[in-house]
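Below: one structure, written as structure tokens.
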Amino acid sequence: MSNHSNHPFHLVDYSPWPLTGAMGALFTVSGLVKWFHMYSYDLFILGNIITLLTMYQWWRDVSREGTFQGLHTMFVTNGLRWGMILFIVSEVFFFISFFWAFFHSSLSPNIEMGSIWPPMGILVFNPFQVPLLNTAILLTSGITVTWAHHSLMENNHSQGTQGLFFTVLLGIYFTILQGYEYAEASFNIADAVYGSTFFMATGFHGLHVLIGSTFLLVCLIRHMNNAFSKTHHFGFEAAAWYWHFVDVVWLFLYISIYWWGG
């Protein structure tokens, strides 16, 4: 039977990874509920293991399809490009909801919180200490990922590797500093609406930094294995777009929540 197709699109083969991914997500969220209510995190760990294994094997298959099997034609890449654009747009609206909640409470604080913002008893972070350092780190990481992209466009393999390496390193550094900031916080997520909006907005941004760092780490590994070329590197482009989105969201978070809102 011939494998020749009369169209430029990629009709994917049957795959177990959507099912295992859904199971991993179910066990992870259920595990969080169990952890919060029963102080047992075994189901949460199981969900994370299933999710990580699914990620590894699914990304392996996609990398094989695009790099070795030649299934990611220009038409397929164009569809992936629009998919990533729409995904980032959906993420923008996701964060808009957090900013909406923050400004709703901060611009018109109700009488239950003393009609002041931040609420009485909340000792906010100094925006010119760790938050400013984290801002500099993310802005620098935006420069290094752009450096890596231009190096890739110029077929400069070593500088592309260096740019991606420093970007991943800066993403990990940002996460460590944010974890330190949370550990030193004088308030928690249960401390009035300020605590809720602060930890939800910055926490979900931190999660996106972790996802973006993982995305770029996979691109670094693929780049070191010569999986990208000057004309065929959409996986890297998607990671770079996502990282720039994370940078821009942090700028809005820093200005509105840390600087103005504090």
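None of the values given here were measured: they were computed from a predicted structure. Numbering starts at 1 and runs along the sequence shown.
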Practice task
Start with the C-alpha distance between Met153 and His233, add both sets of side-chain angles, then the distance that settles side chain to side chain contact (heavy atoms under 4.5 Å, CB included), and finish with yes or no.
Solution key: CA-CA 9 Å; Met153 294 295 291; His233 57 269; 3.4 Å; yes
Handout entry: Stepwise side chain to side chain contact (heavy atoms under 4.5 Å, CB included) test for Glu237 and Phe228
Key = CA-CA 11 Å; Glu237 275 189 313; Phe228 295 133; over 6 Å; no
Practice task
Might you work through the side chain to side chain contact (heavy atoms under 4.5 Å, CB included) test for Leu251 and Leu139, ending with a clear yes or no?
Solution key: CA-CA 9 Å; Leu251 288 177; Leu139 289 177; 4.1 Å; yes
Handout entry: Full working for side chain to side chain contact (heavy atoms under 4.5 Å, CB included) between Gln178 and Val130
Key = CA-CA 8 Å; Gln178 191 171 43; Val130 174; over 6 Å; no
Handout entry: Test ring pair (Phe, Tyr, Trp, His ring centres under 6.0 Å) applied to Trp117 and Phe102, step by step
Key = CA-CA 11 Å; Trp117 188 266; Phe102 178 80; 5.6 Å; yes
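Aromatic ring centroids of Phe174 and Trp250 lie under 6.0 Å apart. The six-membered or imidazole ring of His149 lies near that of Phe236, with a centre-to-centre distance under 6.0 Å.
Summarising the local packing, CZ of Phe187 is surrounded by more than 12 heavy atoms from other residues, nucleotides or ligands at distances under 6.0 Å. Within 6.0 Å of NE2 in His104 there are 12 or fewer heavy atoms belonging to other residues, nucleotides or ligands. Counting non-hydrogen atoms of neighbouring residues, nucleotides and ligands closer than 6.0 angstrom, the OH atom of Tyr180 reaches no more than 12 such neighbours. The number of heavy-atom neighbours closer than 6.0 Å to OH of Tyr173, taken from other residues, nucleotides and ligands shown, is 12 or below. Atom CZ of Phe245 has more than 12 neighbouring heavy atoms from other residues, nucleotides or ligands inside a 6.0 Å radius. Applying the 6.0 Å contact sphere to CZ of Phe75 captures no more than 12 heavy atoms from other residues, nucleotides or ligands.
The two atoms that bring Phe125 and Pro131 nearest to each other are CB-CG, 4.5 Å, heavy atoms only. When all heavy atoms of Trp17 and Asp61 are compared, the pair lying nearest together is NE1-OD2, 2.7 Å. Among all heavy-atom pairs drawn from Val145 and Thr167, the shortest one is N-OG1, 3.2 Å. The nearest pair of heavy atoms linking Val168 to Leu217 is CG2-N, 3.7 Å. Contact record, His244 with Gly142: CE1-O, 3.5 Å, taken as the closest heavy-atom pair. Considering all non-hydrogen atoms of both residues, Leu123 and Ser186 come closest at O-OG, 3.0 Å.
The aromatic rings of Tyr194 and Phe198 lie parallel to each other, their planes meeting at an angle below 30°, with 60° marking the opposite boundary.
Using modelled atom types and a 3.5 Å distance limit, the side chains of Gln159 and Trp147 yield a donor-acceptor pair. Counting only N and O atoms by type, the side chains of Ser15 and Asp13 include no donor and acceptor under 3.5 Å apart. Donor-acceptor pairing under 3.5 Å is recorded for the side chains of Thr54 and Thr20. With hydrogens and angles left out, the side-chain atoms of Trp35 and Ser40 include no donor and acceptor closer than 3.5 Å.
Distance CG/Leu169 to CG/Leu216: 12.5 Å, rounded to 0.5 Å. Once rounded to the nearest 0.5 Å, the distance linking CD of Gln57 with CG of Leu52 reads 11.0 Å. Taken from CG in Leu86 to CD in Glu91, the straight-line distance is 12.5 Å, to the nearest 0.5 Å. For the atom pair His157 NE2 and Ser151 OG, the distance stands at 11.0 Å (nearest 0.5 Å). Atoms CD1 and CG, from Ile85 and Leu80 in turn, are 11.0 Å apart once rounded to the nearest 0.5 Å. The distance from the CG atom of Asn188 to the OH atom of Tyr182 is 12.5 Å, given to the nearest 0.5 Å.
Of the possible polar contacts, none joining the His223 side chain to the Leu164 backbone as a donor-acceptor pair under 3.5 Å is found. Panel note: side chain Ser196, backbone Ile189; a donor-acceptor pair is recorded below 3.5 Å. When atom types are taken as modelled, the side chain of Asn225 and the backbone of Ala227 share no donor-acceptor pair closer than 3.5 angstrom. Listed for the Thr67 side chain is no donor-acceptor partner under 3.5 Å among the backbone atoms of Arg64. Asn78 contributes no side-chain N or O that, together with a main-chain N or O of Met74, makes up a donor-acceptor pair within less than 3.5 Å.
The ring pair (Phe, Tyr, Trp, His ring centres under 6.0 Å) test with Phe204 singles out one residue from Phe98, Phe199, Phe99, and that residue is Phe98.
Between Leu43 and Leu46 the shortest side-chain heavy-atom distance falls below 4.5 Å. Side-chain contact check for Thr28 versus Thr51: some heavy-atom pair is nearer than 4.5 Å. Residues Met55 and Thr214 form a side-chain contact, since some pair of their non-hydrogen atoms from C-beta on lies under 4.5 Å apart.
Applying the salt bridge (charged side-chain N to carboxylate O under 4.0 Å, His left out) criterion to Arg60, with sequence neighbours excluded, gives no partner residue.
A salt bridge does not link Lys230 with Glu154: every distance from a Lys NZ or Arg NE/NH1/NH2 to an Asp or Glu carboxylate oxygen is 4.0 Å or more.
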Counting only pairs under 3.5 Å, give me each side-chain donor-acceptor contact of residues 253-262, with atom names and distances, residues two or more places apart or in other chains.
{"residue": "Tyr254", "atom": "OH", "partner": "Pro127", "partner atom": "O", "Å": "2.8"}
{"residue": "Ser256", "atom": "OG", "partner": "Phe252", "partner atom": "O", "Å": "2.6"}
{"residue": "Tyr258", "atom": "OH", "partner": "Glu181", "partner atom": "OE1", "Å": "2.8"}

